[in-house]
Amino acid sequence: MQYEPLIQRLLQQRQLTDPQQAHRFLNPDYADLTPLSAYEGLDACAQRVRQAIDMRQTVVIYGDYDCDGICSIAILYLFLKEAGVDAHYFIPNRHKHGYGLRVETLEYIAEQWLPDLVITVDCGITAVQEVEYARDVLGFDVIVTDHHTPPETLPDCLIFNPKLTCKAGAFRELCGAGVVLRLVEALSSAKQAKQYLDIAAIATVADVVPLVEDNRAIASLGIRELNRTKRKGLEMLIRGCVKSGVNAYEIGFQIAPRINAVGRMGDATNVVSLFTETDFFLLKCLIEEIERSNETRQQHTNDLTKDCMERLVGFDFASSSCIVLSHPYWEDGVLGIAAARLVGEFHRPVILLTRQDGVWKGSGRSVEGIDLYACVNDCKAYLTRFGGHAMACGVSLAEKDLQDFIAALDAACKRRYPDFVFRASSHAVAVDAEELNLTACKQLRLLEPFGEGNREPYFELTLGGTEFVPIGDGAHIKARLGESTELIGFSMSNWRSVLQAPTEKRVTLSMRYSEFRNIETASCYIKRIECPQVEEREDLRQYIAWSMARQTRPYAGVSYERALDMAQDATRTVCYLVHTPQAARKLCDDLSARGCAYILDYELPSDADPRLRIVYRPDRNCDLRYYDAIVLLERPLSDGCPATIGMCANAALYCTENGAALDAASAALPTYERLGRLFLTLKSVLRTTVARDLYTVYLAMCKLGEIGWNEFAIAFYIFVDLGIVIYRNNAIMIQETVRTRLDASALYGRLREHAIG
């Protein structure tokens, strides 16, 4: 195949320059998986299971309540039932039983089924005492199949965990379902194991294991089977939540969250039926239960994330390398999801804890570059239980050890990663709009599935002023990049004015193929917006808009040099707000000269993390809750700054004596007579134009006569100040009933007073 230049660059980025190596990567084959002989413990486990099959023994599969655990159970249960085994499965209820093996659950299993053999899947590697109790007291054998990091002391039983093998070349990063898949192959054949690739693929993507080598083959081949699955329940679930074909994205954001939801909210036992049941009515009822649980999970996650964001106001970001929050009544089933969202906002490890029976239990997520499991392991003296891997963990600890654990974890992160910079890692490839075409988008699918270890490619596109239109319920926006390429911003309506402004923006995006009613589209989804440099054009719209705030917060006056000193204060998080290009460029140069690494944003912060930041032409509603200090580089029009700046947080507010913005605004103030003519022009425009934003009004007025942008912005806000222009029903309109003199505007008076000295 002749690859598009963009695809060739992506292959080079993955160091796939050798044609044969690239071919193997793009065409994964089950035959390339690690030979079974490379795994220590696998053959012994398989022999004991064969014995159970041959002797028709009773076998109970003990799994986890997450997607990986459920899929692991489904694979082994289907295989054992087909082999004629009296097989059963048990999934602990996370609220009643917690994670992993427990003596009380083993006693329940013994009483319920009198098993000869219990096989754990996706758990058990730390269950030393529980395995001993099962063998010596309850009288049945245990096989542990797991993929989590093994502790120093292992259970005294047969174990298959790829991370325990010492043989060279063995792939160690399988998920729980991948481990079970290889066990089934050892028990039967590769042909038999391939029947369960669709289930294993869901677990492999959902558990965020590295999608390389064996995992890439399992996920890629399994996704192919998912798109033609014969499992009725799985097919019904996919039909209800996936619009087009299934890939890793749909698994990660649609399918897996639904499978996870029931276990997060309650008892996941019934979810295994999604893979094993054939009765339509029972499956319909199950999927309805799954959807209800997923809606509840989404609401709990949103509520928890919002609560955490509010609790982080006043958090010591300047000296903290990780975030640990706790609350006794948080819903434990969504702690991991909320932690992942906070990681996305603040770019540092997050652990969220809730209290159960006097014990703090929780989940953590990490950021690329920090091994969270290793850091948690350094603090094991304060923990009663813990487990996980580099990017995620689960912990339990006593009430008395909570504060000591938080301090120890922060110290461990700093000790292991003293120079780590908490910034969003991009890895984006710079592109021109022409490279984001439909052909490249189709070829991009050859690199799938994307995930940990084979990250989805991000592209960096430089935009000037680009026309975006609202879509959906108005919360989303879209622009046309090419004949078959669209640029979409989900929940980004507040960024529309930023994207449409002529200021140069650097947009990070992903690209996915979509097809609707036989129309093929390369859909590019905005992930991040940054301002790479300060433009020359003076734009006072946001500065003038500040004057519309009826409530203001007082600020303390500081010299420019003192304002610069704040950037080098390691105990504070500082954000500078600046409106004119001259002041912004000088600030950038002066901070760089002092060796300060800053972020430059346009109108709105690109994330919530309170690192040293400059917001150029800040929107008066930008969220700066997490800063200790906010510095206005130019004097506002009023005696304070808008109360909404900093979202009424506890940040200290400062202002330098620089009056450049006020000078420029006063110089652009139209005369009284000019204001009157502009109002008549505006009135004429709004009678014939449905205007939902300022730029639309401005372009329409330019057609009727010459007018500068700053002059227009000042006039427009004077009319708003007087109440003769309003925003209602998603449109700008004239308030016909208002009668007033134009010089009655406080904004007009303040600018005129400054203009005449």
Query raised in the report: After noting the C-alpha distance and the side-chain angles of Leu211 and Arg455, does the key distance pass the side-chain contact (heavy atoms from CB on, under 4.5 Å) rule?
Result: CA-CA 8 Å; Leu211 291 184; Arg455 66 173 63 91; over 6 Å; no
Has [X] got a side-chain atom pairing as donor or acceptor with [Y]'s backbone, closer than 3.5 angstrom?
X      : Y      : value
Asn454 : Val212 : no
Asp122 : Gly69  : yes
Ser510 : Tyr458 : no
Tyr576 : Ala563 : yes
Arg341 : Ile337 : no
Thr573 : Asp628 : yes
Asn215 : Glu173 : yes

Report task. Step by step, work out the side-chain contact (heavy atoms from CB on, under 4.5 Å) result for Tyr417 and Asp371. Result -> CA-CA 10 Å; Tyr417 306 100; Asp371 186 335; 3.3 Å; yes
Query raised in the report: When you check the side-chain N and O atoms of Asp307 and His327, is any donor under 3.5 Å from an acceptor?
Result: no
Query raised in the report: Cut-off 3.5 Å, side chains only: do His300 and Arg264 have a donor facing an acceptor?
Result: no
Drop me the distance from [X]'s [atom1] to [Y]'s [atom2], to the nearest 0.5 angstrom.
X      : Y      : atom1 : atom2 : answer
Leu487 : Ile526 : CG    : CD1   : 4.0 Å
His476 : Ser491 : NE2   : OG    : 5.0 Å
Arg506 : Leu461 : CZ    : CG    : 11.5 Å
Gln542 : Leu604 : CD    : CG    : 8.0 Å
Asp68  : Cys175 : CG    : SG    : 4.0 Å
Leu633 : Lys586 : CG    : NZ    : 10.0 Å

If every non-hydrogen atom of [X] is compared with every non-hydrogen atom of [Y], which pair is closest and at what distance?
X      : Y      : result
Ala570 : Ala318 : O-CB, 3.5 Å
Lys414 : Asp410 : NZ-OD2, 2.9 Å
Thr580 : Ala661 : CG2-CA, 3.7 Å
Ile259 : Cys67  : CG2-SG, 3.9 Å
Leu372 : Pro349 : CD1-CB, 4.1 Å
Glu634 : Ala583 : OE2-CB, 3.5 Å

Query raised in the report: Can you check whether Tyr626 and Phe346 have ring centres sitting under 6.0 Å from each other?
Result: yes
Query raised in the report: Taking the six-membered ring for Trp, is the centroid-to-centroid distance between Phe386 and Tyr373 below 6.0 Å?
Result: yes
So do the side chains of [X] and [Y] get within less than 4.5 Å of each other, counting heavy atoms only?
X      : Y      : answer
Cys575 : Val615 : yes
Asn658 : Tyr560 : no
His579 : Pro618 : yes
Leu352 : Leu342 : yes
Leu637 : Ile544 : yes
Arg750 : Leu662 : yes
Ile351 : Val376 : yes
Arg613 : Ser606 : yes

Query raised in the report: In a check of side chain to side chain donor-acceptor pair (under 3.5 Å) between Gln299 and each of Asp303, Thr301, Asn302, which one passes?
Result: Asp303
Salt-bridge contact [X]-[Y] (side-chain N to carboxylate O under 4.0 Å):
X      : Y      : value
Asp146 : Lys163 : no
Lys527 : Glu456 : no
Asp609 : Arg611 : yes

Report task. If a pair satisfies salt bridge (Lys or Arg N to Asp or Glu O under 4.0 Å) and one of its residues is in residues 317-340, list it, with sequence neighbours excluded. Result -> Arg94-Asp332
Requested in this report: List the steps and the verdict of side-chain contact (heavy atoms from CB on, under 4.5 Å) for Leu325 and Leu312.
Outcome: CA-CA 9 Å; Leu325 299 177; Leu312 285 169; 4.0 Å; yes
Requested in this report: Could you give me the CA-CA distance, side-chain angles and deciding distance for Lys306 and Glu345, then say whether salt bridge (Lys or Arg N to Asp or Glu O under 4.0 Å) is met?
Outcome: CA-CA 12 Å; Lys306 181 180 179 182; Glu345 286 288 345; over 6 Å; no
Report task. Kindly indicate, with the supporting measurements, whether the criterion side-chain contact (heavy atoms from CB on, under 4.5 Å) is fulfilled by Asp607 and Arg528. Result -> CA-CA 8 Å; Asp607 56 30; Arg528 187 178 178 86; 3.4 Å; yes
Query raised in the report: Given Leu577, which of Val631, Leu624, Ile614 fulfils the side chain to side chain contact (heavy atoms under 4.5 Å, CB included) condition?
Result: Leu624
Report summary line: Of Arg541, Arg496, Arg620, Lys505, the one forming a salt bridge (charged side-chain N to carboxylate O under 4.0 Å, His left out) with Glu603 is Arg541
